[in-house]
Number of protein chains: 2
Amino acid sequence: MERMETSYEHLRTLVEEGKLLPLREELLEMNEIDVAEFLEQIEMPQRIVVFRLLPKELAADAFAYLDSEIQREIVQAISNRELFSLVDGMYVDDTVDFLEEVPANVVRRVMAVADPETRETINRFLQYPENSAGSIMTSEMMELHDRCTVAQAMSQIRTSGEDRETIYICYCISDSRRLVGTVELRDLIFHEPDELLRDIMDADRALICVNTHDDQEKVADIARHYDLLSVPVTDNEGRLVGIVTIDDIVDIIEDENTEDLERMALMQPSDDTYLKTGVLTMFKNRIVWLAILMISATFTGMIIEGFESALAAVAGLTAAIPMLMDTGGNSGNQASTLVIRGLALGEIRIRDYFRVVWKELRVSLLCGSALALLNFLRMLVLGNRNIPMILVVCGAMFCAVIFAKLVGSSLPILAKVVHLDPALMAGPMITTIVDAVTLLIYFFLARSFLFG
Amino acid sequence: MERMETSYEHLRTLVEEGKLLPLREELLEMNEIDVAEFLEQIEMPQRIVVFRLLPKELAADAFAYLDSEIQREIVQAISNRELFSLVDGMYVDDTVDFLEEVPANVVRRVMAVADPETRETINRFLQYPENSAGSIMTSEMMELHDRCTVAQAMSQIRTSGEDRETIYICYCISDSRRLVGTVELRDLIFHEPDELLRDIMDADRALICVNTHDDQEKVADIARHYDLLSVPVTDNEGRLVGIVTIDDIVDIIEDENTEDLERMALMQPSDDTYLKTGVLTMFKNRIVWLAILMISATFTGMIIEGFESALAAVAGLTAAIPMLMDTGGNSGNQASTLVIRGLALGEIRIRDYFRVVWKELRVSLLCGSALALLNFLRMLVLGNRNIPMILVVCGAMFCAVIFAKLVGSSLPILAKVVHLDPALMAGPMITTIVDAVTLLIYFFLARSFLFG
């Protein structure tokens with residue numbers, strides 16, 4: 001955030017001048033996210049000096065927001081006692097996130113200093129598949145027995161709530177630890193102290209949960225659909241094992257959006273931000289589909305080769321090829337973008353297939369007619385007087401737009417039917433198919449009307 | 001959500017058989033979002049019958065989640081007394097959202113039944129520019145004086161908290177209503193009753209706010225950066241006038257992502273979901289850029305025309321054109337997608353320009369070499385023995401990939417510099433530029449080496 005830039009400037013000066021006491025004062029006033037950003041802006045060995053100035057809790061909170069590279073650096077520089085205090089102060093889900101990114105020797109050191117209970121939890125969490133609900137949840141939720149009274153619940157929250165990631169949504173469990181309902185802190189505040197949780201809890205909400213092995217995308221979908229602040233995670237027996245909170249859900253939503261975009265441009269999704277991804281990784285992420293699409297253009301080349309003598313015979317036929325290809329590609333790209341996004345947000349379902357195609361057919365008739373007419377005028381203005389030739393180009397354009405919109409809207413839905421990611425069926429993929437068909441139509445029309 | 005499908009089925013049967021009492025029982029057990037979804041699945045006049053079965057609060061909550069078309073239908077069918085109870089039960093931001101979408105006569109009826117204070121608030125909210133923080137905020141936040149004690153604050157929350165959209169973050173204001181800090185409900189619970197808010201509040205958080213006229217994108221950026229459950233909105237004098245809560249922020253994030261995607265495919269962003277947008281609107285959203293890009297392909301056509309006789313002289317030269325164009329377009333699309341996304345998430349800033357270009361240069365050297373080599377083999381395998389011609393195609397391919405990646409990564413950043421939306425500089429726009437340059441390089445190489 002821009003607003004902090006001048007503060008950081010000032011803090012850097014304090015670091016350079018070695019004024020650690022005033023620096024500490026100012027850091028204490030800041031929130032953990034800005035402290036983390038500041039730590040990322042300075043270099044070793046100052047970074048570790050500043051980090052050591054922070055009180056335990058702020059250090060742990062800020063640490064969770066640091067880039068994994070810097071986390072590793074700090075862990076390697078601090079003592080075992082400091083490391084213990086760090087792990088103790090962090091939420092389990094943040095510790096797990098951090099451990100997933102660092103080398104094995106760092107993991108071993110952290111595990112060695114953690115207390116046995118935390119160690120066991122961390123071990124269990126590390127075993128969940130990547131991007132599963134289990135791998136992103138935290139076990140620090142506020143659990144309450146459904147037999148408690150409101151007063152008992154409040155006193156339990158006062159005793160143990162401080163370590164919990166959220167106390168605003170509390171989870172009611174039965175004797176067998178099954179999730180049976182939720183109760184909001186606001187409900188506890190507005191109810192009489194002697195009421196039973198079982199009577200005031202929202203039992204219906206217990207059904208809105210995910211399994212540890214569900215994909216994180218499902219967590220985000222449920223949170224978005226039901227406007228939840230946290231989503232409970234249960235094991236196969238329906239026992240509550242963790243929650244995913246809204247701050248992590250917002251991150252998931254952005255990650256999923258980035259992944260969709262990367263897939264749409266036919267790249268392997270990258271785990272890191274742009275500037276942090278290495279050149280070789282980027283090359284690997286991009287080259288596979290570039291190569292596949294280049295090879296498949298062989299097909300388009302063959303179509304042209306089969307028609308090369310005819311192209312040579314009529315002036316201007318070849319010149320229209322890029323325009324036809326691009327217009328087809330752009331038309332298909334528009335349709336597929338909207339359908340892929342609609343599918344991702346759940347606004348379009350597989351059963352809407354015919355409604356989508358029917359809509360695209362009408363839109364493409366309008367777009368195709370308008371573009372064909374415009375092209376007719378364009379070619380006239382450019383001084384072309386070969387009317388049959390102009391009509392062939394316009395006809396091919398019209399057909400290309402309709403075909404592109406139908407393919408662009410159909411392929412993402414069909415991909416979903418066969419459990420492929422619809423995002424793969426975006427612009428580049430559509431273009432390759434539309435190119436070949438557009439050229440076939442073009443040459444067919446040319447052969448029929450210009451070489452009759 | 002799929003899990004509700006069978007319940008809805010069952011509820012529909014109850015509606016059809018006129019079993020209203022058991023139906024009401026079941027609706028009372030459901031949450032407002034599922035009730036809204038069920039109401040959308042049935043038709044008038046049953047819809048209004050079911051809506052009238054709902055108790056006031058559930059009716060208002062469910063109403064806020066309904067599609068605006070259906071909201072209008074319901075408002076037109078209910079009495080003024082029912083309408084009053086509906087408006088009274090809804091949060092102001094939901095009322096404003098609803099009023100922005102319905103015809104003027106419905107707005108007048110709602111305003112007529114609302115109490116004077118609500119009417120004034122609604123009027124003020126309706127005047128904020130579209131997509132501004134003011135237009136999406138709610139005025140129902142929990143405000144506390146910074147001179148209060150914890151005990152006073154808790155009793156105030158008990159008295160007036162039930163109407164507030166959130167009580168988990170409370171906003172501390174000074175005598176002049178200026179926002180001076182925030183205090184979380186959890187802090188109130190963990191502090192002694194006689195402590196002063198001024199001493200326990202987080203004063204730094206008061207700086208993290210937006211102005212009523214800021215764009216909603218800024219609200220989302222701040223919430224995401226600081227992991228906030230709600231973002232305070234202040235007027236030009238720094239007085240607290242509203243908050244935006246996380247559920248609305250999640251919606252903004254998804255809206256902004258959809259908008260970016262639509263711009264990237266060169267469409268006007270649509271306000272509605274795919275299935276609800278009319279054919280004519282879709283046509284209007286899509287045709288402008290399709291036409292502009294088609295016209296600009298004239299340029300590419302001219303390049304080919306100037307070279308038509310040479311193309312006719314060497315067999316296979318024309319056939320390579322689609323492959324070169326597509327590979328260039330795909331390469332540029334990959335780079336621009338990553339840079340646009342990086343800019344949107346704030347991971348790439350304008351000052352990173354040279355780092356980005358340097359990275360793309362290296363990636364494109366790798367991609368270009370690999371693709372040129374692959375193409376060399378491909379053409380040999382296909383039986384082409386004209387080695388100079390093959391080398392010209394490979395050379396053009398290599399240059400096209402490098403040029404495309406540099407343009408694809410530069411244009412979004414340059415767009416940002418001149419305050420254009422970087423999302424406009426995506427695949428289709430890049431392709432049009434890359435096409436022309438690729439062909440120029442191709443023909444230049446061909447002229448130099450094949451017609452020496």
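Remember, predicted model here, so these are calculated numbers, not experimental data. We name chains A, B, ... by the order of the sequence lines, and we start the count at 1 in each one.
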*Would you mind telling me which of I340(A), L324(A), I321(A), I295(A) has the largest number of heavy-atom pairs within less than 4.5 Å of chain B?*
I295(A)

*Tell me, for D248(A) versus chain B, whether the close heavy atoms (under 4.5 Å) come from the side chain, the backbone, both or neither.*
neither

*Interchain contact, L345(B) with chain A, by part (heavy-atom threshold 4.5 Å)*: side chain

*Would you check, one step at a time, whether the test side chain to side chain contact (heavy atoms under 4.5 Å, CB included) holds for E254(A) with N257(B)?*
CA-CA 9 Å; E254(A) 289 294 21; N257(B) 279 320; 3.3 Å; yes

*Taking all atoms of both residues into account, what is the closest heavy-atom pair of R158(A) and I189(B), and its distance?*
NE-O, 3.5 Å

*Determine the option with the most heavy-atom pairs under 4.5 angstrom with chain B, choosing from A319(A), G427(A), G342(A), S331(A).*
A319(A)

*Check each atom of L382(A) against the heavy atoms of chain B and say whether the ones under 4.5 Å are side chain, backbone, both or neither.*
side chain

*asked:* For chain A, which candidate among A297(B), A426(B), A335(B), A265(B) shows the most heavy-atom pairs at distances under 4.5 Å?
replied: A265(B)

*Identify which part of I246(A) has an atom lying under 4.5 Å from any heavy atom of chain B, answering side chain, backbone, both or neither.*
side chain

*Specify the closest pair of heavy atoms between L439(A) and P322(B), including all atoms of both residues, with the distance to one decimal.*
CD1-CG, 4.4 Å

*Taking K359(A), R362(A), M282(A) one by one, which has the highest count of heavy-atom pairs under 4.5 Å against chain B?*
K359(A)

*Greatest number of heavy atom pairs closer than 4.5 Å to chain B - which of S309(A), A312(A), P428(A)*: P428(A)

*asked:* Just so I understand: if I count every heavy-atom pair under 4.5 Å between each of I249(B), N375(B), L371(B), T431(B) and chain A, which residue has the most?
replied: L371(B)

*Contacting moiety of T166(B), where chain A heavy atoms sit under 4.5 Å*: backbone

_For V250(B) and V250(A): C-alpha separation, side-chain torsions, deciding distance, then whether side chain to side chain contact (heavy atoms under 4.5 Å, CB included) applies._
CA-CA 7 Å; V250(B) 168; V250(A) 168; 4.2 Å; yes

*Taking side chain as C-beta onward, heavy atoms only, is L185(B) less than 4.5 Å from R186(A)?*
no

_Using every non-hydrogen atom in the two residues, find where C367(B) and L290(A) come nearest and quote the distance to one decimal._
SG-CD1, 4.2 Å

_Between E259(B) and R341(A), does any NZ, NE, NH1 or NH2 come within less than 4.0 Å of an OD or OE carboxylate oxygen?_
no

*How many angstroms lie between atom CZ of F283(B) and atom OG of S369(A), to the nearest 0.5 angstrom?*
8.0 Å

*Are Y274(B) and D352(A) linked by a side-chain donor-acceptor pair shorter than 3.5 Å?*
no

_M323(A) vs T300(B), test: side chain to side chain contact (heavy atoms under 4.5 Å, CB included). Steps then yes/no._
CA-CA 8 Å; M323(A) 188 196 60; T300(B) 327; over 6 Å; no

*For E32(B) and Y226(A), run side chain to side chain donor-acceptor pair (under 3.5 Å): C-alpha distance rounded to whole Å, both residues' side-chain angles, the deciding distance at 0.1 Å, then the answer.*
CA-CA 9 Å; E32(B) 63 271 20; Y226(A) 288 110; over 6 Å; no

_Checking side chain to side chain contact (heavy atoms under 4.5 Å, CB included) between E347(A) and each of L275(B), D272(B), T258(B), T273(B), which is the one that passes?_
T273(B)

*Engaged part of K284(B) at the chain A interface, taking heavy atoms whose separation is under 4.5 Å*: neither

*Between T337(A) and L261(B), which heavy-atom pair has the shortest distance, and what is it?*
CG2-O, 3.6 Å

*Per-residue contact mode, R378(A) against chain B (heavy atom under 4.5 angstrom)*: side chain

*Taking all atoms of both residues into account, what is the closest heavy-atom pair of I157(B) and F190(A), and its distance?*
O-CE2, 3.4 Å

*Pick from T318(A), T327(A), I167(A) with the largest number of heavy-atom pairs that fall under 4.5 Å of chain B*: T318(A)

*Between D202(B) and chain A, which part of the residue has a heavy atom less than 4.5 Å away: side chain, backbone, both or neither?*
neither

*Against chain A, label A320(B) side chain, backbone, both or neither, depending on which of its atoms sit under 4.5 Å from a heavy atom there.*
neither

*Structural part of L228(B) lying under 4.5 Å from a heavy atom of chain A*: neither

*Quick check: does any side chain N or O of Q334(B) sit under 3.5 Å from a backbone N or O of L266(A), one acting as donor and the other as acceptor?*
yes

*Check whether more than 12 heavy atoms from other residues, nucleotides or ligands sit under 6.0 Å from atom OH of Y65(A), and answer yes or no.*
yes

*Heavy-atom distances under 4.5 Å only: say whether L343(B) touches chain A with side chain, backbone, both or neither.*
neither

*Output yes when E29(A) and R205(B) qualify as a salt bridge under the 4.0 Å nitrogen-oxygen rule, no when they do not.*
no

*Considering all heavy atoms of both residues, which atom of L317(A) and which atom of E308(B) are nearest to each other, and what is their separation?*
N-OE2, 4.2 Å

*asked:* Less than 4.5 Å apart, side chain to side chain, heavy atoms only: is that true for L338(B) and T277(A)?
replied: no

_Does atom CZ (F299(B)) have a neighbourhood of more than 12 heavy atoms from anything else shown, all under 6.0 Å?_
no

*Within a strict 4.5 Å, meaning less than it, do heavy atoms of the L280(B) and V363(A) side chains meet?*
no

*Are L229(A) and D247(B) side-chain neighbours, meaning at least one heavy-atom pair lies under 4.5 Å?*
no

_Counting only non-hydrogen atoms closer than 4.5 Å, does V356(A) touch chain B with its backbone (N, CA, C, O), its side chain (CB onward), both, or neither?_
both

*asked:* Do M294(B) and D326(A) make a side-chain contact, defined as non-hydrogen atoms from C-beta onward lying under 4.5 Å apart?
replied: no

_Between L311(B) and chain A, with a heavy-atom cut-off of 4.5 Å, which part of the residue counts as in contact: side chain, backbone, both or neither?_
side chain

*Does any heavy atom of chain A fall under 4.5 Å from the side chain of M397(B), the backbone, both, or neither of them?*
side chain

*Among the listed options E162(A), R286(A), E360(A), the residue most often paired with chain B at heavy-atom distances under 4.5 Å*: R286(A)

*asked:* Please classify the contact between D435(B) and chain A as side chain, backbone, both or neither, with a heavy-atom cut-off of under 4.5 Å.
replied: side chain

*When rounded to the nearest 0.5 angstrom, what distance separates CD1 in I208(B) from CD1 in I33(A)?*
7.5 Å

*Hey, what do you get for CG (N330(B)) to OG1 (T432(A)), rounding to the nearest 0.5 Å?*
6.0 Å

